[in-house]
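All ligand and atom numbering here is 1-based and tracks the order in the structure.
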Amino acid sequence: MDKFVIRGGNPLLGTVRISGAKNAALPAMAAALLTEEPVILENIPQVRDIETTRRLLSAMGAEVELGYGRAQHRTTISCRRVSSPEASYELVKTMRASTLVLGPLLARCGRARVSLPGGCAIGARPIDLHIKGLELLGAKIKQEHGYVEASCRRLRGAEILFDKITVTGTEDLLMAATLAEGESVLQNCAREPEVADLASLLNKMGAHIEGAGTATVRVKGVGELHGAKHRIIPDRIEAATFLIAGALTDGDLNIAACDPDHLGALLDKLHEVGISTQRTSDSVRVEGSRNLKAADVVTEEYPGFPTDLQAQYMALATQADGTSVITENIFENRFMHALELVRMGANIKIEGRRAVVGGRSPLSGAAVLASDLRASASLLVAALVADGETIIDRVYHIDRGYENIEEKMRAVGAQIRRLGEILPKKR
Ligand code: UD1
């Protein structure tokens, strides 16, 4: 298992280019299952979850070409034949978002067998809302041997009111409804930019979707979809992670190839803590400060403050002047990074869904363990301002969602290197 070795103390200076959004690319790849024709996706990030999705689709009989290069980062997915509409436990357990294939498989093939994701490191994360919605569209669903087994004739349009806002749930149902007979109205939908990006791809494929990116989405079902070419939006969480790192290290960082409109909640919060930012249509420049003021954060669905930034913000809060209260409203068990930050010298108390973070705690480098994707990013950001060397173990979590993070960090001045574990030779 790879580790990162980071020596703290350097401000981040220069320009970093943001990759395509993993959370937009995953549903876009699943959407290719809805048509016999090739779907071409550009700005695909080179991260492990994309490779997992490639394996998932290939196992179903899809042809997936994936090429990375200076100007490319492109995939062409051809699902002419879907010989085995199944997502195995082996793949789903490494990436929960695999459940995104459920809706498209049912809509196109009339059947699907998808492993239940099970408990995951940041809480229970059920998929009951996906299942309930698909049943309303006419699917018959049973759960057996840890799998969801679903079948239908043609799906029928329906009114679906989500009891709770779910991002991949909205995306799954949106994809299923495109090929249903008649109109579907989805209410209380996730408004994340990734949902709107998926709808934009689906409309290019011939779907009739209105309102994606708002709480109510209308879908007029069509008989079939065709191939299309689409460019994935920039990754707002990667951009925000670099913004926080630039602010915290007292750096001067230009975040290029991002969409500042998707970063509103974080930019507002950075202003509150005393950080100045300047934006253009596709970049944000952040100038750090040694005089950060504490500010509370409550995670919410978009356009609120993202749960996917809560951990990185906590690293920043450890250095602010005053106490910050961070409330996690989306997932019930998403504070594992706090314990590791405490090992580096942070003063954090967890009270249920709230973390009370005392500021101005000098951090010192330590051996720490990454427990999930965003927790790893939090430890990396903290290590940039810690005294001495931090070793982060299990960085495979960070490789799931950040493209070449150590190269990007190094290019703007961070002292970071990757250590691959050398296994003892078998005798
Ligand atoms: C997506 C993102 C993830 C982000 C999360 C919240 C992707 C691939 N992943 O995850 O990075 O952290 O949104 O912004 O886009 N819930 C149910 N029943 C369901 C579905 C969800 O109770 O059927 C609950 C979850 O347990 C959680 C909340 O709803 O408490 C939100 O989860 P959801 O939006 O579904 O998260 P994901 O789509 O899995």
Determine whether the side chains of Arg236 and Tyr302 contain a donor N or O and an acceptor N or O closer than 3.5 Å. no

Can you tell which part of Arg334 has a heavy atom less than 4.0 Å from ligand 1: side chain, backbone, both or neither? side chain

Rounded to the nearest 0.5 Å, what separation is found between the CD atom of Gln187 and the CG atom of Leu161? 6.0 Å

What distance do Arg343 atom CZ and Leu369 atom CG have between them, rounded to the nearest 0.5 Å? 8.5 Å

Just distances here: any N/O of Arg96 and N/O of ligand 1 closer than 3.5 Å? yes

Under 3.5 Å between some N or O of ligand 1 and some N or O of Arg374? no

Are any of the N/O atoms in Leu26 less than 3.5 Å from those in ligand 1? no

Contact check, Pro126 vs ligand 1, heavy-atom distance below 4.0 Å: yes

Is it the side chain, the backbone, both or neither of Ile165 that has a heavy atom closer than 4.0 Å to ligand 1? backbone

What I want to know is whether Ile330 and ligand 1 share at least one N or O pair that is separated by under 3.5 angstrom. yes

Is Arg418 close enough and on-axis enough to Phe4, meaning under 6.0 Å and within 45°, for cation-pi? no

How many angstroms lie between atom CZ of Arg400 and atom CD of Glu51, to the nearest 0.5 angstrom? 13.5 Å

Any N/O of Lys22 closer than 3.5 Å to an N/O of ligand 1? no

Heavy-atom contacts under 4.0 Å between Thr307 and ligand 1: side chain, backbone, both, or neither? side chain

If we set the cut-off at 4.0 Å for heavy atoms, which region of His130 has an atom near ligand 1: side chain, backbone, both, or neither? both

Give a yes or no on whether Arg353 atom CZ has more than 12 heavy-atom contacts from other residues, nucleotides or ligands under 6.0 Å away. yes

Looking at Thr35 and Gly227, what are the two nearest heavy atoms and their distance? OG1-N, 3.9 Å

Short N or O distance, Phe331 and ligand 1, threshold 3.5 Å exclusive: no

For Lys204, does the NZ atom have more than 12 heavy-atom neighbours from other residues, nucleotides or ligands under 6.0 Å away? yes

Could you name the option among Ile127, Asn333, Asp163, Asp308 that has the heavy atom nearest to atom 12 (O) of ligand 1? Asp308

Return the CG to CD distance between Asp393 and Glu340, rounded to the nearest 0.5 Å. 10.0 Å

Contact check: Glu192 vs ligand 1, nitrogen or oxygen atoms, below 3.5 angstrom: no

